[in-house]
Amino acid sequence: MKLWGKSIQVAATYVGTVVGAGFASGQEILAFFTSYGHSGTIGILIATVLFVWLGYKMMWLAHTMRTPSYESFNQKLFGPLVGTTMNILVFLTLFGVTTVMLAGAGSVLEEQFQIPYLAGTVATAFFALLILRKGLEQLLVVNAIVVPSMFLFALFILLDGKVDSPLPISAPVSYEFLWKTVLYVSFNLAMAQSVLIPIGYAIREPIILLRASVIGGVILGFMLLVVHTAMLANWNEVRFLDIPILFVTDRWNEWLQLFFVFVLYSEIFTTLISNVFGIGQQLRELVYVPESRIYLFLLLSAFVLCLIGYSQLLMFLYPLFGYLGLSTLCRVVMPSGQLSR
């Protein structure tokens, strides 16, 4: 039972790292899957298999190669020169996403509870620091608490009447959805490697990694499918909305609306702490500074960039990170013997 409990914790952390604000709002799912009609449903099924297989492969490689962070992981995968370049780009993008998540958390608190933006971002950063100082175990615990709420939110959507609406006519047959599916998985796994690599290194029992990958991948696929189906059933109403999922939740009562806000904030927060943790693990291999100071520096830097603005650079880095993730996955799927250096 202890192994199953740890497997569920790891699976929850996997889900919490992948699921962010774009997932919660429905915007990511709309762009990568729902816009392709029924073909997007096939894409989600393929993505689920890839999340299970590649998530496990990445953690298993970190376990067998004894790489504690994506810094050493990429060095072993690509060699010193390419690995160093990859690590710099991964650092920039992860830090950029961290900045956006911190800004997003402040915006949610301001819009929903009238908490001043600066106060919301400072409070979020302080809360994140408290958790990160406790290390990997506390990160696993937080995700084990938050992810069931995300799953429950998906169940509420599934039970909502709007999901039962007649599905629209499929989009014209196109195989572009396959490419978008691969890009979606590669981007999210490139993001998740900041946490999956340290987890694979720290966990001693490979069976935990296998179970966690299966549980996490299936939960991700289920949530993708539920939100996708809900938006597909209401395509004409949601396709031009900035937050498409709001059309599904607008009939919910006040308490369920509040629950949606909690889920949105939680998805932002779990991505935030996972990214900061992953970057911190990388920097630990480069500088001899206590972890807590590294986390404080990262959160303070992200807070400053929230004030300056980071969106233009991120618009460049997001697509780049997708292709970086693709190159990482190509290496990960190679036979294990070819990865040994």
Side-chain angles (χ1 to χ4, degrees), residues 2-14 16-18 51-91 94 132-141 143 186 188-217 273-292 294-295 298 324-325 327-341:
K2 186 177 180 181
L3 293 182
W4 274 107
K6 182 65 71 174
S7 299
I8 292 171
Q9 281 189 329
V10 173
T13 302
Y14 184 12
T17 306
V18 170
F51 275 130
V52 171
W53 175 41
L54 296 175
Y56 170 69
K57 188 74 182 288
M58 191 173 286
M59 289 190 287
W60 182 79
L61 284 173
H63 176 83
T64 55
M65 295 192 302
R66 308 310 299 154
T67 52
S69 77
Y70 68 83
E71 166 79 21
S72 49
F73 184 78
N74 285 329
Q75 290 278 354
K76 285 199 173 184
L77 277 185
F78 296 100
L81 182 60
V82 177
T84 300
T85 304
M86 292 277 293
N87 284 327
I88 292 171
L89 293 172
V90 168
F91 172 84
L94 277 177
L132 289 164
R133 289 182 64 183
K134 301 291 185 179
L136 179 61
E137 284 299 319
Q138 193 65 30
L139 189 72
L140 295 175
V141 169
N143 279 281
S186 69
N188 281 290
L189 280 181
M191 289 278 296
Q193 71 170 300
S194 64
V195 171
L196 294 184
I197 301 306
I199 287 176
Y201 173 80
I203 298 295
R204 295 183 178 181
E205 299 85 358
I207 188 63
I208 292 177
L209 304 179
L210 177 60
R211 290 172 179 172
S213 301
V214 173
I215 296 169
I273 59 175
S274 296
N275 285 358
V276 174
F277 175 79
I279 297 171
Q281 295 304 299
Q282 180 203 17
L283 294 180
R284 275 189 65 200
E285 296 185 11
L286 303 176
V287 294
Y288 296 99
V289 178
E291 282 184 339
S292 57
I294 293 176
Y295 297 143
L298 290 171
L324 281 176
S327 61
T328 301
L329 294 193
C330 287
R331 291 288 290 157
V332 166
V333 299
M334 281 185 173
S336 301
Q338 297 182 31
L339 296 173
S340 303
R341 290 184 176 275

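Annotation for Ser213 and Gly55: closest pair OG-C, 3.7 Å, computed over non-hydrogen atoms. Between Asn87 and Tyr70 the shortest heavy-atom distance is OD1-O, 3.1 Å. The minimum heavy-atom distance between Val276 and Leu298, with the atom names listed, is O-CD1, 3.9 Å. Heavy-atom minimum distance, Tyr295 versus Phe277: OH-CD1, 3.4 Å. Counting all heavy atoms, side chain and backbone alike, Asn188 lies closest to Val18 at OD1-O, 3.4 Å.
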key: Derivation and outcome, side chain to side chain contact (heavy atoms under 4.5 Å, CB included), residues Val141 and Lys134   = CA-CA 10 Å; Val141 169; Lys134 301 291 185 179; over 6 Å; no
key: Worked verdict on Glu291 versus Gln281 for side chain to side chain contact (heavy atoms under 4.5 Å, CB included)   = CA-CA 8 Å; Glu291 282 184 339; Gln281 295 304 299; 3.2 Å; yes
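With hydrogens and angles disregarded, no donor-acceptor distance shorter than 3.5 Å links the side chain of Ser194 to the backbone of Gly278.
For Tyr14, there are no side-chain hydrogen bond (donor to acceptor under 3.5 Å, both in side chains) partners at least two apart in sequence or on another chain.
Atom CG in Asn74 sits 10.5 Å away from atom OG1 in Thr85 (nearest 0.5 Å). Atom CG of Leu54 is separated from atom CD of Gln193 by 12.0 Å, given to the nearest 0.5 angstrom. Atoms CE and CD1, on Met58 and Ile197 in that order, are 5.5 Å from each other to the nearest 0.5 Å. The CZ atom of Phe51 sits 5.5 Å away from atom CG of Leu189, with the distance rounded to the nearest 0.5 Å. The distance from the CD1 atom of Ile215 to the CD1 atom of Ile8 is 5.5 Å, given to the nearest 0.5 Å.
In this structure, the side chains of Lys76 and Leu61 stay at 4.5 Å or more apart for every pair of heavy atoms.
Paired with Ile199 under the rule side chain to side chain contact (heavy atoms under 4.5 Å, CB included), one option of Met59, His63, Gln9 passes, and it is Met59.
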Hey, can you pull the donor-acceptor pairs under 3.5 Å for the side chains in residues 204-212, sequence neighbours left out?
none

